[in-house]
Amino acid sequence: MTVGPAHHVGPTENLPVIGRTATSNPLPQIPPALALVAMSPAAAAARATSFAATFSGSTTPSSRGLLRRPFPGTPAPRRAVASMAVSAPRSPAAASFLERRESERALHFVKYQGLGNDFIMVDNRDSAVPKVTPEEAAKICDRNFGVGADGVIFVMPGVNGADYTMRIFNSDGSEPEMCGNGVRCFARFIAELENLQGTHSFKIHTGAGLIIPEIQNDGKVKVDMGQPILNGPDVPTKLSSTKNEAVVQAELAIDGLTWYVTCVSMGNPHCVTFGAKELKDLHVDDWNLSDVGPKFEHHDMFPARTNTEFVQVLSRSHLKMRVWERGAGATLACGTGACAVVVAAVLEGRAERKCVVDLPGGPLEIEWREYNNHVYMTGPAEAVFYGSFVH
């Protein structure tokens with residue numbers, strides 16, 4: 001897929017968060033921008049029925065006034081990523097304001113995470129047009145002025161024989177072809193929406209082609225990620241091929257270092273490096289990704305920009321990586337990146353075809369099968385909390 005220009009958005013300081021504690025000042029006048037809706041414990045209890053109608057199953061209000069329900073059959077999330085608690089409004093004006101906001105068009109969402117790579121999931125099955133714009137998505141993803149996430153994912157009607165279509169807006173408003181951790185969250189969200197139990201698989205249309213995730217009995221999701229793309233111009237990269245038509249251990253100069261890079265596409269572009277000519281060993285925890293990552297992402301050799309993985313080999317079946325994601329920056333996990341890392345490690349003779357890949361958010365199991373050339377990714381995905389926003 002040809003990647004279009006990224007959507008750029010302005011500052012997010014005008015994004016209000018609605019909700020005050022009992023000791024805070026009365027609610028100020030809120031400008032007409034995207035707003036989060038937080039409710040008191042009493043209001044949350046009163047609205048539990050309407051949430052249950054939106055997200056099928058049993059939904060109960062928590063003691064903090066949030067509506068929270070883990071995926072059926074799985075343990076509760078180990079940690080809450082975010083929470084909001086408010087008391088009853090202190091003034092008639094504030095009460096009137098909240099009542100008015102509640103009566104406006106609110107869009108419900110569920111926040112999911114896969115190894116800390118977190119997403120706002122939106123039920124968009126009734127339309128092929130996303131319910132929020134890229135600019136709104138960037139505001140929602142802001143961790144100070146919004147909900148906070150690495151992206152917004154839309155569950156849309158399937159096309160070309162697929163069960164569903166997946167689209168995603170990154171935290172900067174740009175749209176990638178697909179997302180590996182996002183696909184696992186997508187599958188679990190579908191099971192939630194359709195009230196499915198046990199093992200299930202789905203055909204999902206993405207910008208990277210057809211992706212098939214399967215929910216397993218242990219709650220993890222195994223995803224057939226398809227075949228890796230190794231031909232340089234198709235990744236795409238302008239670097240010259242070094243091994244048949246593939247770009248393997250090519251030299252790339254950045255900040256006075258000559259990096260050895262292998263380029264792989266898993267439907268989206270990846271630049272994988274195990275080190276540089278001037279470095280004896282690459283210890284991934286020693287690097288400031290916010291400094292070096294953008295220089296890879298925006299390098300002239302990557303016309304569609306690129307995701308970049310920095311990799312440390314622990315054994316031939318155990319790799320450790322950190323990732324700088326195109327359009328999202330440093331994240332705790334990247335599923336397509338972990339797949340690209342194993343493919344690159346095999347091409348460079350550093351690892352076997354089946355590996356555990358450690359990411360800051362936890363491990364993924366990756367296998368590049370020789371008989372069909374497909375890459376398989378297995379890992380968790382969990383619901384974190386429920387909410388709604390007015391736009």
Side-chain angles (χ1 to χ4, degrees), residues 1-3 6 117 170 172 174 176-181 208 225 227-279 282-284 287-313 319-331 333-351 355 357 359-360 364 366 368 375 377:
M1 173 180 174
T2 301
V3 180
N117 203 188
N170 282 326
D172 69 350
S174 62
E177 299 85 348
M178 63 92 65
C179 171
N181 285 315
M225 301 290 287
Q227 300 183 17
I229 298 170
L230 303 177
N231 182 50
D234 294 333
V235 170
T237 179
K238 296 179 182 179
L239 290 168
S240 299
S241 59
T242 58
K243 186 176 182 180
N244 298 326
E245 296 180 346
V247 178
V248 179
Q249 290 187 298
E251 295 186 358
L252 183 68
I254 292 180
D255 272 1
L257 294 178
T258 303
W259 294 86
Y260 296 115
V261 301
T262 294
C263 298
V264 178
S265 172
M266 294 303 306
N268 55 352
H270 292 270
C271 172
V272 181
T273 181
F274 294 85
K277 182 183 294 185
E278 297 81 4
L279 299 174
L282 179 62
H283 297 282
V284 295
W287 287 86
N288 181 0
L289 296 195
S290 62
D291 178 45
V292 68
K295 296 170 184 176
F296 278 85
E297 178 184 355
H298 297 281
H299 199 284
D300 291 342
M301 290 294 101
F302 305 109
R305 298 190 295 165
T306 189
N307 303 281
T308 307
E309 288 77 30
F310 301 84
V311 192
Q312 187 173 340
V313 178
L319 308 174
K320 180 179 181 179
M321 64 169 274
R322 291 179 65 198
V323 59
W324 179 266
E325 291 198 51
R326 178 188 59 169
T331 62
C334 177
T336 56
C339 294
V341 160
V342 172
V343 171
V346 172
L347 292 175
E348 294 190 20
R350 299 177 184 271
C355 294
V357 180
L359 303 102
L364 284 173
I366 308 296
W368 184 20
V375 180
M377 170 190 64

**OP:** Would you please name every residue forming a side chain to side chain contact (heavy atoms under 4.5 Å, CB included) with Glu297, sequence neighbours left out?
**Re:** Arg305, Trp324, Arg326
Original post:
Looking at Gln312, Met321, Glu309, which hits side chain to side chain contact (heavy atoms under 4.5 Å, CB included) with Val284?
Top reply: Gln312
Drop me the distance from [X]'s [atom1] to [Y]'s [atom2], to the nearest 0.5 angstrom.
X: Thr308; Y: Phe302; atom1: OG1; atom2: CZ; value: 6.5 Å
X: Glu177; Y: Ser265; atom1: CD; atom2: OG; value: 7.0 Å
X: Met301; Y: Ser240; atom1: CE; atom2: OG; value: 8.5 Å
X: Leu279; Y: Phe274; atom1: CG; atom2: CZ; value: 14.5 Å
X: Leu364; Y: Leu319; atom1: CG; atom2: CG; value: 11.5 Å
X: Gln249; Y: Glu348; atom1: CD; atom2: CD; value: 4.0 Å

Original post:
Hey, does Tyr260 have a side-chain heavy atom less than 4.5 Å from the side chain of Leu282?
Top reply: no
Original post:
Are the side chains of Val343 and Leu230 in touch, meaning some heavy atoms are under 4.5 Å apart?
Top reply: yes
**OP:** Count the heavy atoms belonging to other residues, nucleotides or ligands that lie under 6.0 Å from CG of Asp291, then report whether that count exceeds 12.
**Re:** yes
**OP:** Check side chain to side chain donor-acceptor pair (under 3.5 Å) between Thr237 and all other residues, then give those that pass, not counting sequence neighbours.
**Re:** none
Using every non-hydrogen atom in the two residues, find where [X] and [Y] come nearest and quote the distance to one decimal.
X: Ala208; Y: Met178; value: CB-CG, 3.4 Å
X: Gly180; Y: Thr336; value: N-CG2, 3.6 Å
X: Pro303; Y: Pro236; value: CD-O, 3.8 Å
X: Ala333; Y: Asn117; value: O-OD1, 2.9 Å
X: Ser241; Y: Val247; value: CA-CG2, 4.0 Å

**OP:** Could you check Thr306 against His299 for side-chain hydrogen bond (donor to acceptor under 3.5 Å, both in side chains), going step by step and ending with a plain yes or no?
**Re:** CA-CA 8 Å; Thr306 189; His299 199 284; over 6 Å; no
**OP:** With side-chain contact (heavy atoms from CB on, under 4.5 Å) as the test, would you mind laying out the steps for Val342 and Val375 before giving the verdict?
**Re:** CA-CA 9 Å; Val342 172; Val375 180; over 6 Å; no
**OP:** Taking atom types as modelled, find out whether Asn231 and Asp234 have a side-chain donor-acceptor pair closer than 3.5 angstrom.
**Re:** yes
**OP:** Anything under 30° is parallel, anything over 60° is perpendicular, the rest tilted; go ahead and classify Trp287 against Phe310.
**Re:** parallel
**OP:** Output every pair passing salt bridge (Lys or Arg N to Asp or Glu O under 4.0 Å) with a member in residues 240-265, not counting sequence neighbours, ordered by first then second residue.
**Re:** Glu251-Lys277, Asp255-Lys295
